[in-house]
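Each remark here refers to the structure printed beneath this line.
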Amino acid sequence: MPKTLDGQITMEKTPSYFVTREAPARISAMSRDTKLIVVVRDPVTRAISDYTQTLSKKPDIPTFESLTFKNRTTGLIDTSWSAIQIGIYAKHLDNWLQYFPMGQILFVSGERLISDPAGELGRVQDFLGLKRIITDKHFYFNQTKGFPCLKKAEGSSKPHCLGKTKGRTHPNIHPEVAQRLRDFYRPFNMKFYQMTGHNFGWDD
């Protein structure tokens, strides 16, 4: 990490940190005062999105359904598949709470980042002790991508939208498979809501 001067905030983004067993201890050893921001979304949607991304790189992978179940007849979910494993947020958070207090972790709703980007970024700015500079007027909704975009990128007069890897069309997943996954994640989601004191509404 680069050295940070007084009045500066140094940020770094790596999605795999949250699910990497060794990451909390290493980050704590570097700086126990680090503030952590984790963007989470409905774990079922997240798993399908994960699969969609892999499929775009390896079109010959097995179907989502066959990877989801250890045994389709019994409906036993294969928790060794990383696309499923990552969405068990309560388990990963347990690991982080051994090194960081909850007050140093902010969980941002991936759904609300789309429906209310300024509101969620307001929470981020408050958490980092920054003035609320980013507001609704900084965003417009891109119908094609299905995501909000920044009206102007930093140092540019052009708008900035998420890259082409975001907003891909998800494959059709059999409703029964999606329901099995919802049932599987529900107790973990409930525990996660309790731990964070925040209901993300994935089970409504």
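Keep in mind it's a predicted model, so treat the numbers as computed, not measured.
Residues meeting the side-chain contact (heavy atoms from CB on, under 4.5 Å) test with Val38, sequence neighbours left out: Phe18, Val40, Ile105, Phe107. Partners of Trp202 under the ring-ring contact (aromatic ring centres under 6.0 Å, His included) rule, at least two apart in sequence or in another chain, are Tyr89, Tyr193, Phe200. Glu176 is linked by a salt bridge (Lys or Arg N to Asp or Glu O under 4.0 Å) to Arg72, Arg180, counting only residues two or more places apart in sequence or in another chain. Asp94 is linked by a salt bridge (Lys or Arg N to Asp or Glu O under 4.0 Å) to Lys191, counting only residues two or more places apart in sequence or in another chain. Applying the side-chain contact (heavy atoms from CB on, under 4.5 Å) rule to Thr34 yields the partners Ile27, Met30, Ser31, Leu36, Phe100; only residues at least two apart in sequence or on another chain are considered. Checked against salt bridge (Lys or Arg N to Asp or Glu O under 4.0 Å), Arg32 has no partners two or more places apart in sequence or in another chain. Scored by the side-chain contact (heavy atoms from CB on, under 4.5 Å) test, Leu55 finds Tyr51, Ile61 as partners (sequence neighbours excluded). Residues satisfying the ring-ring contact (aromatic ring centres under 6.0 Å, His included) criterion with Tyr99, sequence neighbours excluded, are absent altogether. Every residue two or more places apart in sequence or in another chain that forms a salt bridge (Lys or Arg N to Asp or Glu O under 4.0 Å) with Asp203 is listed here: Arg186. The side-chain contact (heavy atoms from CB on, under 4.5 Å) test applied to Pro59 returns no partner, not counting sequence neighbours.
Rounding to the nearest 0.5 Å gives a distance of 12.5 Å between CZ of Phe192 and CD1 of Ile88. Atom CD1 of residue Ile86 and atom NE2 of residue His92 lie 7.0 Å apart, to the nearest 0.5 angstrom. Considering CG of Leu181 and CD1 of Ile84, their distance stands at 4.5 Å, rounded to 0.5 Å. Residue Glu120 holds its CD atom at 12.5 Å from CD1 of Ile134, rounded to the nearest 0.5 Å. Taken from CG in Leu93 to CD in Gln98, the straight-line distance is 10.5 Å, to the nearest 0.5 Å. Atom-to-atom distance recorded for Glu111:CD and Leu113:CG is 9.0 Å, nearest 0.5 angstrom.
In this structure, Ala83 and Ala47 approach most closely via the heavy-atom pair O-CB, 3.5 Å. Considering all non-hydrogen atoms of both residues, Ile9 and Leu128 come closest at CD1-O, 3.8 Å. Scanning all heavy atoms of the two residues, the minimum distance from Lys131 to Gln125 falls at O-OE1, 3.3 Å. Met195 approaches Leu97 most closely through the heavy-atom pair CE-CD1, 3.9 Å. The two residues Ala178 and Val44 come nearest to each other via the heavy atoms O-CG1, 4.4 Å. Heavy atoms only, all atoms of each residue included: Ile37 and Met11 are closest at CD1-CE, 4.2 Å.
Donor-acceptor pairing under 3.5 Å is lacking for the side chains of Gln8 and Thr10.
Applying the ring pair (Phe, Tyr, Trp, His ring centres under 6.0 Å) rule to pairs touching residues 109-139 yields nothing, sequence neighbours excluded.
Of the possible donor and acceptor atoms, one in the side chain of Ser109 sits under 3.5 Å from a partner among the backbone N and O of Arg112. For the pair Thr14 (side chain) and Tyr17 (backbone), a donor-acceptor distance under 3.5 Å is absent. Panel note: side chain Ser49, backbone Thr45; no donor-acceptor pair is recorded below 3.5 Å. Distance alone, capped at 3.5 Å, places no donor-acceptor pair between the Glu65 side chain and the Val177 backbone. Distance alone, capped at 3.5 Å, places no donor-acceptor pair between the Arg132 side chain and the Leu121 backbone.
Clustering ILVMFWY residues whenever any of their side-chain heavy atoms sit less than 4.5 angstrom apart, transitively, puts Val19 in a cluster other than the one holding Phe184. Hydrophobic clustering places Phe69 together with Phe188 (ILVMFWY residues linked when any side-chain heavy atoms are closer than 4.5 Å, directly or through intermediates). Linking Ile, Leu, Val, Met, Phe, Trp and Tyr whenever their side-chain heavy atoms come within less than 4.5 Å puts Leu130 and Leu106 in one cluster. Grouping the Ile, Leu, Val, Met, Phe, Trp and Tyr side chains by contacts below 4.5 angstrom, directly or via other members, places Leu150 apart from Ile133.
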If you look only at distance, which donor and acceptor atoms sit under 3.5 Å apart when one is on a side chain in residues 75-82 and the other is two or more places apart or in another chain?
{"from": "Asp78", "atom 1": "OD1", "to": "Ser80", "atom 2": "N", "distance (Å)": "3.0"}
{"from": "Asp78", "atom 1": "OD1", "to": "Ser80", "atom 2": "OG", "distance (Å)": "2.6"}

TODO: Start with the C-alpha distance between Leu5 and Lys3, add both sets of side-chain angles, then the distance that settles side chain to side chain contact (heavy atoms under 4.5 Å, CB included), and finish with yes or no.
DONE: CA-CA 7 Å; Leu5 303 174; Lys3 290 264 189 281; 5.9 Å; no
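Around CG of Asn172, the count of heavy atoms belonging to other residues, nucleotides or ligands within 6.0 Å does not exceed 12.
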